[in-house]
Amino acid sequence: MGSSRSKQKAKVAPSTTLFLFGAHGDLVKRLLMPALYNLTRDGLIGDDLHIVGVDHNAISDADFARKLEDFIRQEAAGKVAEGGKEPLDPALWGGLAKRITYIQGDFLDDSTYADIATKIESTGTRNAVFYMATAPRFFSEVAKRLGSSGLMVEGEDEGQEYFRRVVIEKPFGHDLPSAVALNTCLLKVMSEKQIYRIDHYLGKETVQNILVSRFSNGLFESFWNNHYIDHVQITAAETVGVETRGSFYETTGALRDMVPNHLFQLLAMVAMEPPAAFGADAVRGEKAKVIGAIRPWSEMEALANSVRGQYAENTLGGKSVAGYREEDRVAPDSTTETYVALKVMVDNWRWVGVPFYLRTGKRMSVRDTEIAIYFKPAPYAQFRDTDVDHVAPNFLRIQIQPDEGMWFDLQAKKPGPTLDTQSIELGFAYKDFFEMQPSTGYETLIYDCMAGDQTLFQRADNIENGWRAVQPFIDAWAKHPSVEMYKAGEDGPAAANELLALDGRRWQQLG
Ligand code: BG6
């Protein structure tokens, strides 16, 4: 049984030795260390957390800690302290830095794992978390060696139970067969309850708030079904391009990078049935069911219900922005998609007949991650023969980023003698009600892993169902490789608008 998220979250996490595989990588510097600092600031981890970097480069403990500090000070200030308004607290960092050490080792060499065992003895903290912030090709290799060296064995020490856990980053597999193979490999050497598969979208406050809104307010359930909801749009638009990740992106593309994981997590939050309890097994069971209910399209249907785009060069604000094919380590004739729009159907009692339109892209006009739930029109055209006989549909917009909140779009009568309407918003912005501490989104996830709460992590079946649902697109596209161009700074290719226009609908305006 997974533990429950209803607990008071103010408790300090259990003492842990946290091994960061891939210690010199970007994730550790940009997100994990700032998150660990923030957890320390918030009193959620104590002075019995030991952080151990593991990587192949040679560096001393002190230099490794200094390197992290320099990076956090200069580059990640916005994550630790918004806009640098709250500089790194020297005492707080000093306390944390004392407990940062480093193991130089090859991930494929057994002696690295012997050094890890020795380190656990020396910290005196037998609880261990192995965080795989490495290239994906190492996931199964590291897991096998953690298993064969006995490091995954949990037990008791002086009457106290201790745990061994692994955290695995995405991409978890490249398609359905590789995800199944990775799960099989992990489950040979550890149990499901020791595996924490991360999807960082689940660390975002607004994503977690979708469940709270739906299941702690009686109002929502009454209209949350195919009788009242016409369709759902899920968008993750980014302004950034592929940056330094050209070679990774060439073999990944927007579909694999964003859909089976982040966008399906958002879909699951909106579409899942109420779990019997707010615990890991119940929540993840409902998610697996709803993702498993996504209709598997045939090859022709997959092609008809998808649009692939790729950003082309453009001039924005007087500056020239490179097209995807001009990016570093990208083939000049690449057909990798940097944009994807899909229509999927969820075949269950609640959602039959309600399309879910998903889109995500890089180099779009604005950064905007949101869910728009469109309602059916009022049952009777009350105002026929007036100017308002065709009013715009109502919708609920759940904004994940950048401005977190929720807005109902309703029609109201404009003041004056004629009957005319205007869209108005009934809204809630997170920042108006809560003081938000600067955070990376990883804080909750790291904390939950140490606390043994798997609710916000993906179970094997969640991952496999996600890949199963996108596999028809992967297979169909492999036979018909082509992309439509859109200019950097524009909102995807024209065909994406046609996808909705064919159903008599339009995308929500971005931003
Ligand atoms: C990552 C993808 O998982 O999510 C990136 O690999 C993407 O390509 C990122 O940019 C988006 O995350 P966020 O939190 O900025 O929406």
Side-chain angles (χ1 to χ4, degrees), residues 22 25-32 34-35 38 76 78-79 82 131-136 139 167-174 179 197-210 234-267 269 308-311 324 327-330 334 336-340 358-371 398-404 430 436 438-446 456-458 462-463 466-467 470 488 492 510-511:
D26 253 24
L27 186 74
V28 169
K29 291 187 294 191
R30 282 185 194 284
L31 295 163
L32 301 185
N38 289 342
K79 308 265 190 205
E82 205 68 63
Y131 197 120
M132 299 199 205
T134 64
F139 294 165
V167 180
I168 304 202
E169 274 292 331
K170 70 176 272 278
F172 194 99
H174 190 67
R197 299 175 192 82
I198 275 212
D199 184 316
H200 79 277
Y201 265 48
L202 293 175
K204 296 182 192 281
E205 287 294 342
T206 340
V207 176
Q208 296 173 49
N209 190 47
I210 300 172
I234 301 180
T235 300
E238 300 184 87
T239 51
V240 290
V242 290
E243 304 185 300
T244 54
R245 298 161 78 215
S247 59
F248 161 78
Y249 209 79
E250 273 289 85
T251 55
T252 307
L255 177 80
R256 289 181 165 97
D257 191 34
M258 296 293 286
V259 178
N261 32 65
H262 305 328
L263 294 199
F264 279 179
Q265 284 303 316
L266 299 181
L267 180 148
M269 290 293 194
R308 283 161 284 168
Q310 189 187 81
Y311 62 84
Y324 176 69
E327 302 277 19
D328 197 21
R329 285 181 279 174
V330 169
S334 170
T336 299
E337 80 288 354
T338 61
Y339 173 98
V340 61
L358 277 46
R359 63 178 160 164
T360 180
K362 297 213 179 273
R363 282 269 185 255
M364 294 177 70
S365 63
V366 284
R367 180 167 190 242
D368 181 10
T369 305
E370 64 168 58
I371 301 167
I398 303 172
Q399 179 103 29
I400 314 292
Q401 52 198 19
D403 297 314
E404 299 146 299
Y430 247 77
M436 307 272 282
S439 74
T440 63
Y442 271 79
E443 288 77 359
T444 310
L445 299 172
I446 296 174
L456 297 179
F457 293 84
Q458 301 229 65
N462 292 199
I463 296 256
W467 280 116
V470 296
L510 287 182

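Numbers here are sequence positions counted from 1. Every number for a ligand or one of its atoms is a count from 1 in the order of the listing. Model, not experiment: these values are computed from the prediction.
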Those residues at least two apart in sequence (or on a different chain) that pass ring-ring contact (aromatic ring centres under 6.0 Å, His included) with Tyr201 are His262
For the residue pair Tyr324 and Tyr249, categorise the inter-ring angle as parallel (less than 30°), tilted (30 to 60°) or perpendicular (more than 60°).
perpendicular
Residues two or more places apart in sequence or in another chain: which of them pass side-chain contact (heavy atoms from CB on, under 4.5 Å) with Ala133?
Leu27, Val28, Leu32, Tyr131
With side chain to side chain donor-acceptor pair (under 3.5 Å) as the test, pick out the partner of Gln458 among Arg197, Gln265, Lys170.
Gln265
Give every pair formed by an N or O atom of ligand 1 and a protein N or O atom closer than 3.5 Å, one pair per line with both atom names and the distance to 0.1 Å, or write none.
| from | atom 1 | to | atom 2 | distance (Å) |
| --- | --- | --- | --- | --- |
| ligand 1 | 3 (O) | Lys170 | NZ | 2.7 |
| ligand 1 | 3 (O) | His262 | NE2 | 2.7 |
| ligand 1 | 4 (O) | His262 | NE2 | 3.4 |
| ligand 1 | 6 (O) | Lys170 | NZ | 3.0 |
| ligand 1 | 6 (O) | Arg245 | NH2 | 2.8 |
| ligand 1 | 6 (O) | Asp257 | OD1 | 2.6 |
| ligand 1 | 6 (O) | Asp257 | OD2 | 3.3 |
| ligand 1 | 8 (O) | Arg245 | NH1 | 2.9 |
| ligand 1 | 8 (O) | Asp257 | OD2 | 2.6 |
| ligand 1 | 8 (O) | Lys362 | NZ | 2.9 |
| ligand 1 | 10 (O) | Glu238 | OE1 | 2.5 |
| ligand 1 | 10 (O) | Glu238 | OE2 | 3.3 |
| ligand 1 | 10 (O) | Lys362 | NZ | 3.1 |
| ligand 1 | 12 (O) | His200 | NE2 | 3.1 |
| ligand 1 | 14 (O) | His200 | NE2 | 2.8 |
| ligand 1 | 14 (O) | Lys204 | NZ | 2.6 |
| ligand 1 | 15 (O) | Arg367 | NH2 | 3.2 |
| ligand 1 | 16 (O) | Tyr201 | OH | 2.6 |
| ligand 1 | 16 (O) | Gln401 | NE2 | 2.6 |

Considering residues at least two apart in sequence or located in another chain, which fulfil the side-chain contact (heavy atoms from CB on, under 4.5 Å) criterion with Thr252?
Phe248, Arg256, Asp257
For Glu238, is there an ion pair with Arg367 - N to carboxylate O distance below 4.0 angstrom?
no
